[in-house]
Amino acid sequence: MNAKLTSSNLAEHRPFLLKFAVLQVGRREVAEDLVQEVLLAAMKGADSFSGRASVRTWLTAILLNKVADHRRQAGREVSLEAQQEALGTDSIEAIFRANGSYASMPQEWRNPEESLTDKRFSEALEACLGRLSEVGKQVFLLRELMGLSIEEICKELGLTATNCSVLLHRGRMRLRGCLEDGWFAKRQKQR
Amino acid sequence: MLSCKDVSKLLSDRLDRQLGLMERVRLRMHLVMCTGCSRVERQLGFLREAFSGFVKPTDRE
């Protein structure tokens, strides 16, 4: 086995792979199976790890394939056409007016850091993620949860850098708006 | 003049790549006078922070 890849440093990535998988496939048991397959495949294929990508990027790429296989079997494949469509419909048109100003003014979030330790905040965040398109959510999670670069995401998903950055912009602005309405506005009203 | 929509795209891009000099100058100029975009700037930063801590120690079995 490659000196850089031991089972313990593969295991260190497991919580991230599991979180990503749960958010992708929805069911924890399925996600655990997929992650187990990824770690087994990684152990077997350790020689094919070039060391050029980070270990997490490499594991994430294997997981993406497993998720795609799972979706294909479940008949929930996200086709290239659907990805293109998402670029059209995962829109931020509702967020901005035609002249590019905000349709509704972004509000101040008071002490947002306090929310980070609140379990209900994680739930609100996951609910907001669920409102993005499949590909929009995937790109966002690859960037913010798994820490992949734009170049790596483009390569894995077969998207152009422009499409990637458009999807990230939409995803971030929609999550921002969803958290404002679904969490911060309610929280401030309760005080 | 950049619109708030343009500025929000730059604020998002800035989390993924280094902006060019002109982009940074135009962004700075807009942020100085726009309360909405200044909030969005902080909030997108917060969103990143929220996800960096999304996998909690309790998830590490």
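What you see is a predicted model, and the numbers here were worked out from it, not measured in a lab. Letters go in sequence order (proteins before strands), and every chain restarts at 1.
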Pick from [options] with the largest number of heavy-atom pairs that fall under 4.5 Å of chain B:
{"options": "A/Arg97, A/Met173, A/Gln107, A/Met105", "result": "A/Gln107"}
{"options": "A/Arg176, A/Glu108, A/Glu113", "result": "A/Glu108"}
{"options": "A/Ala11, A/Pro112, A/Gly147", "result": "A/Pro112"}

Hey, could you give me the [atom1]/[atom2] distance between [X] and [Y], rounded to the nearest 0.5 Å?
{"X": "B/Leu15", "Y": "A/Arg143", "atom1": "CG", "atom2": "CZ", "result": "7.5 Å"}
{"X": "B/Leu44", "Y": "A/Leu175", "atom1": "CG", "atom2": "CG", "result": "9.5 Å"}
{"X": "A/Met146", "Y": "A/Phe16", "atom1": "CE", "atom2": "CZ", "result": "8.0 Å"}

Using heavy-atom distances under 4.5 Å, tell me whether [X] contacts chain A through its side chain, its backbone, both, or neither.
{"X": "B/Asp6", "value": "neither"}
{"X": "B/Leu11", "value": "neither"}
{"X": "B/Thr35", "value": "both"}
{"X": "B/Arg48", "value": "both"}

Quick check on [X] against chain B: is it the side chain, the backbone, both or neither that has a heavy atom closer than 4.5 Å?
{"X": "A/Leu129", "value": "side chain"}
{"X": "A/Arg172", "value": "both"}
{"X": "A/Leu148", "value": "neither"}
{"X": "A/Leu168", "value": "both"}

A/Arg72 with A/Asp69: basic N within carboxylate O range, under 4.0 Å:
yes
Report the residue from B/Arg14, B/Arg28, B/Gln18, B/Arg17 that forms a side chain to side chain donor-acceptor pair (under 3.5 Å) with B/Glu23.
B/Arg17
Give a yes or no on this: more than 12 heavy atoms of other residues, nucleotides or ligands lie within 6.0 Å of atom CD of A/Glu29.
yes
For the Cys pair A/Cys154 and A/Cys164, is the SG-SG distance shorter than 2.5 Å?
no
In terms of ring plane angle, is the pair A/Phe140 and B/Phe51 parallel, tilted or perpendicular, where the classes change at 30° and 60°?
perpendicular
